[in-house]
Every structure is written in C-alpha cells, then in structure tokens.
Protein chains: 2
Amino acid sequence: MTRQRAGVLELAVLGLLHETPMHGYELRKRLNALLGAFRAFGYGSLYPCLKDLTGRGLIAEEAFAEPAKPLAGRRSKIVYRLTAEGKEYLQDLLSQAGPASWEDDGFGVRFAFFGQTRADIRLRILEGRRSRLEERVEAFRAGLTRTRERVDRYTLELQRHGLESVEREVRWLNELIASERQAGGEPPRQPRGHTPDGAGAPATRPGGGSE
Amino acid sequence: MTRQRAGVLELAVLGLLHETPMHGYELRKRLNALLGAFRAFGYGSLYPCLKDLTGRGLIAEEAFAEPAKPLAGRRSKIVYRLTAEGKEYLQDLLSQAGPASWEDDGFGVRFAFFGQTRADIRLRILEGRRSRLEERVEAFRAGLTRTRERVDRYTLELQRHGLESVEREVRWLNELIASERQAGGEPPRQPRGHTPDGAGAPATRPGGGSE
DNA sequence: GTTAGCATGTAAGGAGTTACATGATTTT
DNA sequence: AAAATCATGTAACTCCTTACATGCTAAC
C-alpha cells in the first residue's frame, strides 16, 4: 500500500468522477457544492489538475455520446471518466488513515467520501481527527492558564470562539463515532433505490439543532 | 494608501512584534497560541519570513540587553523589533478592509488585531465577512433545493454540519456587529456578560469552516 | 547520561491562486 | 443585441510546507 499523497483537489476530483463521469465545468460546481463550506476551487486550479490526472492515466476523456450535436467546429465538452488505474488509485487513497486524512485540509473531503470507505478506516479517521482536536483544546487551555500575557478583548474573544468551535466539532465527532460503533462495522450500504433512513444515520439529533 | 498584500504570517508577525519585541522561538509560540484554532506555523515558515521582513527594513534585530549571559560563542537569541517603517506598514495593513481581511484565511489574524484597528474598519470587516458567509449559505440552500443529485448520508451530514457552522458564525458576527454599533465608535470596552451562544466556524474545515 | 525543550536556520518544492484570454450558447 | 452563463484553458506567481541540519541547556 504505497503511501500516496494527494492534494484535496485531486482526491475530490477522483471521488466525484467515481460516482459519474463529468466535464470540468460541472465538476467544479459539484465540487463547490460539496465542499462549499470549507473551500472553493477555481478553474485555474481544476483544469490543470484534470490535465495532470489525464497525463497520469488516472482519468480519461470519454468517447462522448452526446446525443444531439456532434456538429462542426464546436468546442465540445470534454467529459472525463475514471480509468481502471484511477479506480485502483482512488481505492488506495480511500483506504489510508493518516494525518492527511484528519488534518484540517484533508478531513472534509475525506469525510465526503466515507460512503466508499471501509468501516474500520472511517473509525480511525474520525478518532484521529478527534484526538487532533483534543490536542488543540489542551494546548489552548495551557495557554489560557498562564495568562500572564495581557490579552485584549478581541484576542480573547477570538480564542473563546475558536475554542468553542473546536469543542463543538469534538462533540459532533463523538456522535459520529458512537453511531459508527453502534452500526458495528456493517457496510454503509444504500443500494440506490432509497435509503430507509433511520438505521445508522449519524449525528442529526431529532430535537436539538444546536447546542 | 498603497493597497498592500501580505500573507497571514507576515501580518501576524508584525502585529505581535508591535506589542513587544521577541525572538523567533517565542514568536512562534505566541503565534500558535493566538491562531491555534485556525492554523499553525512551523519554523520553516517563520524564519524565512523574519529574514524577509528584515531585508525589507520592517523589522530589525534589537541591540540586545540580555542581562545575564553575553558569554562566549553561545548562539544567542535574536530579538526582533518593529522599525518605524514597519509600524507604518502595519498601520497601513490594518487600515484596509478588503476581501483579504474577510476571507477565511485572513479573517482570523485580522480580527486578532482589532485592538489596533479603527472602529469603522472593524465594522466593515465584520460586515464583509458576514455577507461573505451569507453568500455561502445561499449557495448552499440553492444546492440543496435542486437535490436531483442523490447524495449519500455522509455527504449530507457533512453539508449539514458545514451549514450549521457557518450559520453559527453568522450569529456570532451579528452579536459582534451589534456590540460595535452600540459602542458607536467608542474605544473598545469589555462587552457585557458575553455571548452564551456564539461560535461559528472561522476557518477551513468542518468544525471550522473555510473556503 | 539521556530525553525534552530551547533556539535558529536552509533547500526544495507542492498545492493551489490570480489574472488573463477566448469563444459558444442561452436568456432577457 | 446585450447580458448572463456555459465552457476551457495558460503563465506567472505566492505563500507556505516538508525534510533536513545544528547545537545548547535544563530536567529527570
């Protein structure tokens, strides 16, 4: 299992193309709908990435069957699909649980593709992230204790807010982890028809929206 | 007012050195205590930055008055202080309210130095950030509405959590803005009680939220 | 007497960003 | 016919990361 390293964008592109082939423009929209809250990518990032992945044989332009208009010199859409190598590579990425998958940058995307990730890996990533965040909380508190340094109210407010956000995420992770454990390694399974909701649904507590 | 552009690190370094002179190692600790929840910098980032700022004459090595040990070949600490140019430059940076100050990357640091920022600028930055986040919420909802795309439960959960984080930060900003308005340009003073609710997610990630 | 923490750096490079450039198609 | 949106790209650049390299000093 060759410890691959890939940027967020690369993983996201591969993951999305695994679901269904797409052209760049659409990909970007889906990308930003998926990760919108965390980051946004522009075409200046996406197209070079597609080019690179194509060059490495992980994705390929689809022999397109666009129904209506294979007409003249039209700059046609380029639909990309995952190749066999691409699929393998993606699976490889998705079976890794390391720092890259729980640090701030990577976690969001990684989580987004949990549906294709093995249950044990999911758990390790969730726990990895949690302990990462707990370290942060710890360091924070240590810093607050030796409050020799006079901090103005904005600094204080920033830290308070930061701490609260982190704690919030820890609680979220706790719920997810509990829910994963409860499901006991079952495959996530949801074969397309519909999801009977209920069974393993993480986090979303019926009563409380917020804290 | 020459529209300067500076990285997060640069601004943070200048801001911290404005409070008091320091050497690199200490600077890094303070840096990560300040921004710990949002990002962390290593020495590999800091020292080159200090070098660069020195080269530009914005900071300088202090003629050091280390009391006890100016002894032999000891690799002594290098204490940096802000030069006059540095102060001017910093003020210039702090008087700007543009995208760089309310995007995910910049907002945290920018807020951390609100104590040295004019009241009207503070307000514009807070409002800028809020409307940035509101755009995001909007785009999100639009995405959810056309839920043609079948999303699995993890994707959904990620988006739900992301949305909630953003909304939370908006509420936090609302309170800050109200409090700024109430103070009506008054110099900063400790807000009453302080907000029981509050967090949002300033940074880039599920717990944090960023772009 | 060895780990942990203090203290300072460099070289190489990665992952996107910004600004620009172009043209087709749909909507108003 | 103008404006918005779809659609694809490149060149130059920036900010920061990673891995490495060094040595001193305090604590256990």
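Here is how names work: the chains are called A, B, and so on, in the same order as the sequence lines, proteins then strands, and each is numbered from 1.
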[X] side chain: which of [options] is closest?
| X | options | result |
| --- | --- | --- |
| A:F41 | D:dT10, C:dT17, C:dT8 | C:dT17 |
| A:Y47 | C:dT10, D:dT8, D:dT10 | D:dT8 |
| B:Y25 | C:dG9, D:dA7, C:dG5 | C:dG5 |
| B:Y43 | D:dC6, C:dG16, C:dT8 | C:dT8 |

Nucleotide [N], atom [atom2] - distance to [atom1] of [X] in whole Å:
| X | N | atom1 | atom2 | value |
| --- | --- | --- | --- | --- |
| A:L53 | C:dA15 | CG | P | 11 Å |
| A:D105 | C:dG14 | CG | P | 17 Å |
| B:I78 | C:dC6 | CD1 | P | 18 Å |
| B:R39 | C:dG16 | CZ | C1' | 13 Å |
| A:D104 | C:dA15 | CG | C1' | 16 Å |
| A:E26 | D:dT5 | CD | P | 17 Å |
| A:L31 | C:dA15 | CG | C1' | 14 Å |
| B:L46 | C:dA7 | CG | C1' | 11 Å |

**Minimum heavy-atom distance A:V8-A:D105, with the two atoms named** = CG2-O, 3.3 Å
**Complete:** In terms of heavy-atom contacts, B:A37 and A:F140 come closest through CB-CE1, 4.0 Å
**Asked** Any ion pair linking A:E167 and A:R171 (charged N to carboxylate O, less than 4.0 Å)?
**Response** no
**Request:** Would you work out how much the helix from C:dG1-D:dC28 to C:dT28-D:dA1 bends between its ends, with each end axis defined by five base pairs, to 10 degrees?
**Result:** 50°
**Request:** Run the numbers on B:Y154 and B:Q159 for side chain to side chain donor-acceptor pair (under 3.5 Å), then give the verdict.
**Result:** CA-CA 8 Å; B:Y154 290 109; B:Q159 292 182 335; over 6 Å; no
**Message:** Can you see if the side chain of B:K51 gets near the phosphate of C:dT10 - specifically, an N or O under 4.0 Å from OP1 or OP2?
**Reply:** yes
**Request:** Using only side-chain N and O atoms of A:K29, determine if any of them is under 4.0 Å from OP1 or OP2 of D:dT5.
**Result:** no
**Prompt:** Base, sugar-phosphate, or nothing: which does A:G24 touch, judged by heavy atoms less than 4.0 Å apart?
**Reply:** sugar-phosphate
**Request:** Give a yes or no answer on whether the side chain of B:T20 reaches the backbone of B:L16 with a donor-acceptor pair at less than 3.5 Å.
**Result:** no
**Message:** Which label fits A:H23 and A:Y25: parallel for a plane angle under 30°, tilted from 30 to 60°, or perpendicular past 60°?
**Reply:** parallel
**Intermediate values then yes/no, side chain to side chain donor-acceptor pair (under 3.5 Å), A:W172 and B:E157** = CA-CA 10 Å; A:W172 182 65; B:E157 178 59 24; 2.7 Å; yes
**Prompt:** If you pin B:P48 and B:H23 to their nearest nucleotides in DNA chain C, which one's is more 5'?
**Reply:** B:H23
